[in-house]
Amino acid sequence: MIRLLKRMRKREWIMAGLCVLLVLGQIYFDLRLPDFMSNLTVLIETPGSTVAEILNTGFQMLGCALASAVFSIACGYLASQVAAGFSYGLREDVFNKVADFGQEEMQRFSVPSLINRNTNDITQIQMLVAMGLQIIVRSPIMAVWAVAKIIDKSWTLSAITAGFVAALLAVMAFIIVIVLPRVRRVQKLTDNINRISRENLTGINVVHAYNAEKYQEDKFEKANDRLMRTQLFNQRSFAVLLPSVALAMNALALVIYWVGASIVEQVPVANMTERIATFSNIVVFGTYATYVIMSIMLLVMVIMFLPAAQVSAGRILEVLDAKVRMHQGTESEAKEQGTVEFKDVSFSYPSSGKEVLEHISFKAEKGQTIAFIGATGSGKTTLVSLAARFYDATSGQVLIDGKDIRDYTYEALYDRIGYVTQKAVLFAGNIRDNVLFGESLAPRTDEDVKQAIRLAQASEFVDKLPDGIDAPITQGGTNVSGGQKQRLSIARALARKPEILIFDDSFSALDYRTDAALRKGLNEELGDTTRLIVAQRIGTIRHADKIIVLDEGKAVGIGTHEELLENCPVYREIAMSQLSEKELGA
């Protein structure tokens, strides 16, 4: 928690310091009230006291109460400003850190967990900071100050008060030790609830299609029940604290006045002045002792949030301290243009020691079309992911424009590449926003958007929309079909006007006519653009300059369509399953 607080900005530290000063002022005026009560008691009990003297003391008490209220309001305002500003900066830091994560880090932290850390966990920290500036500072200072006021008034009553305080602190420590491990469990169970909810909402059509509502409900109920039982245990444990403090406060007041009555009785009746002074001291002592217990009660309120905030702080620091495996280089210029080369590249995922790709070597010259085909799981997507530097090769080199891909800055690298993912992803906004998504060196005019849409064969449905390129797109692109979504994703890559286009099985949602028209347009208008195409259909790639056949991570064939039909059994088997004898040229 302290490490997180060190990330607070200078402005927040200044406001926090002012808040502490206001708390000290508030405590001063609060602790002046018992002294005035003592004077008031003496004035009332002393014969000859005037009404003016009593009213003067009452007005002083009112002034102290008003000053304390003003300081409290000002401190509350500053505390909320500090907490909101701190959480704003922290949320921004976490978001920016996650934005730098690669695929390896995303696999380590699940998406629901990262969302929960950047929302719920930071909210827990914000609540603690807002309360802490007012209560954590106020409670111990007030308790120590109150003890200093009463310790010389009666050693007997001071010992009684110390006994009650020690007992309460022991109860608090015992409950925290029991609850803290379970609070950590609550955060993990909450992540699990988020994961199940996200899966159910994302796959709602599959759930309905397979009559899996009951299965999903049972899975959610099981996770929800575990969370409920853990939270119930924590809340029941905390429920012991407040009644314990209230009981201690009332019992302490009863004991103080009971013992105090005995002390007053020991003073001779004849010595009325001393008797009144003793009685006044007992009243003051009881008030100060109540302040001590109230301070502990305020601490109890904070302690109820502290374990959850402590766990949340640890989870946030896990993200902020996570080491990003991939780092950008410093180069932006290259000696070639539009070339992609793999030099003896092998790759294995960090979570598995098995190599997914083994000793892959090839070179794509400027303007060439290189296609990748193979059975499911043969490593096609992994290979083009290395070209886009979603991962770094385990061994070997991936070169873009003759330079190692790891030497480029991210900006320089991705200005060269247009990448179309296997699963089309659209963002909430409109068609223009999605086609011009991100930053690039390409022009960003409406004419360029329409040109990219036309080349991606999306004009036929975009032009029919009432708002055209201003037509809204919902989150995830749920208001367009799969083929339309895929074509808009392709248009987004084309609008960047990159040197290299990477299509990761991006034509799978397109019909044969649209597929052919798109490939024809790419050949005619983007003849100088290098294309890497992952495909399942022979028809999509048969005219490629070079086809690389993958089988279990190895390149078992490299050549043209005709060459592979002759000398690559794996390719021939795929071709025979898709093409007729006439198309095969048998």
Side-chain angles (χ1 to χ4, degrees), residues 87-88 91-92 94-103 105-107 109-123 190-210 212-213 216 219-220 319 381 388 390 414 418-440 444 446 449-450 452-453 456-496 503-506 508-510:
S87 64
Y88 171 85
R91 195 172 286 113
E92 189 175 43
V94 172
F95 184 88
N96 292 339
K97 180 73 176 188
V98 172
D100 291 336
F101 280 180
Q103 292 296 320
E105 290 77 29
M106 291 302 295
Q107 289 174 4
F109 299 98
S110 66
V111 171
S113 179
L114 287 172
I115 293 173
N116 204 32
R117 291 169 198 246
N118 205 26
T119 52
N120 182 59
D121 286 337
I122 291 180
T123 301
T190 303
D191 286 348
N192 191 38
I193 287 283
N194 288 341
R195 179 186 62 80
I196 294 172
S197 300
R198 184 184 178 89
E199 285 180 349
N200 190 65
L201 294 173
T202 304
I204 192 69
N205 291 335
V206 177
V207 173
H208 290 327
Y210 285 84
E213 290 89 350
Q216 288 294 96
K219 186 164 67 171
F220 183 84
V319 176
T381 294
F390 295 155
Y414 293 115
Y419 189 90
V420 186
T421 55
Q422 189 172 21
K423 180 181 178 182
V425 177
L426 296 182
F427 300 87
N430 57 36
I431 291 176
R432 180 194 289 104
D433 294 337
N434 274 277
V435 174
L436 295 178
F437 184 77
E439 297 180 359
S440 71
R444 301 174 64 84
D446 285 357
V449 173
K450 292 175 181 178
I453 289 174
Q457 307 302 310
S459 296
E460 64 174 277
F461 76 88
V462 173
D463 292 343
K464 294 177 183 178
L465 297 173
D467 298 321
I469 61 175
D470 292 314
I473 297 293
T474 59
Q475 183 179 359
T478 54
N479 61 334
V480 292
S481 69
Q484 292 171 343
K485 190 188 302 185
Q486 192 68 275
R487 280 177 279 176
L488 289 176
S489 296
I490 293 171
R492 179 170 57 208
L494 297 177
R496 298 177 66 84
F503 298 98
D504 182 9
D505 199 12
S506 309
S508 58
L510 307 181

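Only heavy atoms go into these numbers, but all of them, side chains included; no hydrogens, no water, no symmetry mates.
- The distance from the CG atom of N194 to the CG atom of N116 is 4.5 Å, given to the nearest 0.5 Å.
- Side chain of S113 to backbone of F109: no donor-acceptor contact under 3.5 angstrom is found.
- A heavy-atom distance below 4.5 Å is not found between the side chains of I469 and V435.
- The two residues K485 and G477 come nearest to each other via the heavy atoms CE-O, 3.5 Å.
- More than 12 heavy atoms of other residues, nucleotides or ligands sit less than 6.0 Å from atom NZ of K219.
- Close placement of the Y419 and F390 rings is indicated, their centers lying within 6.0 Å of each other.
- Residue I453 holds its CD1 atom at 8.0 Å from CG of D463, rounded to the nearest 0.5 Å.
- When every heavy atom of T119 is checked against every heavy atom of R91, the shortest pair comes out as O-NH2, 4.5 Å.
- Side-chain contact between F437 and L426 is absent, with no heavy atoms from C-beta onward closer than 4.5 Å.
- Remark: the backbone N or O of A428 is not paired with any side-chain donor or acceptor of D433 at under 3.5 angstrom.
- A donor-acceptor distance shorter than 3.5 angstrom exists from the side chain of N96 to the backbone of E92, with no hydrogens or angles considered.
- When all heavy atoms are compared, the tightest approach of T421 to S506 is O-OG, 3.7 Å.
- With a 4.5 Å cut-off on side-chain heavy atoms, N430 and D467 do not count as touching.
- Note that the CD1 atom of I122 and the OH atom of Y88 stand 12.5 Å from one another [nearest 0.5 Å].
- Proximity of a side-chain donor or acceptor of N434 to a complementary backbone N or O of F427 within less than 3.5 Å is detected.
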Inset, instruction - Test N118 against F95 for side chain to side chain contact (heavy atoms under 4.5 Å, CB included), laying out the working first. - result: CA-CA 7 Å; N118 205 26; F95 184 88; 4.0 Å; yes
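- Of the possible donor and acceptor atoms, none in the side chain of R496 sits under 3.5 Å from a partner among the backbone N and O of L436.
- Summarising the geometry of A491 relative to A452, their closest heavy-atom pair is O-CB, 3.5 Å, with the distance given to 0.1 Å.
- E460 has a carboxylate O that lies under 4.0 Å from a charged side-chain N of R487, or vice versa, which qualifies the two as a salt bridge.
- Between the CD atom in Q216 and the OG atom in S197 there is a gap of 9.5 Å [rounded to 0.5 Å].
- Taking 4.5 Å as the limit, some side-chain heavy atom of I115 sits within range of a side-chain heavy atom of R198.
- Of all the heavy atoms in E213 and V207, the pair that sits closest is N-CG1, 3.8 Å.
- Looking at D504 and T381, their side chains do bring a donor and an acceptor atom within 3.5 Å of each other.
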Check your understanding: Could you walk me through whether F503 and I490 pass the side chain to side chain contact (heavy atoms under 4.5 Å, CB included) check?
Key -> CA-CA 8 Å; F503 298 98; I490 293 171; 4.0 Å; yes
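- Using a distance-only test at 3.5 Å, with no hydrogens or angles considered, no donor-acceptor pair links the side chain of R432 to the main chain of D470.
- Put simply, the side chain of V420 does not reach to within 4.5 Å of the side chain of L494, judged on heavy atoms.
- Across every non-hydrogen atom of S489 and V425, the tightest pair is OG-N, 3.8 Å.
- Atoms CZ and CD, from F461 and Q484 in turn, are 4.5 Å apart once rounded to the nearest 0.5 Å.
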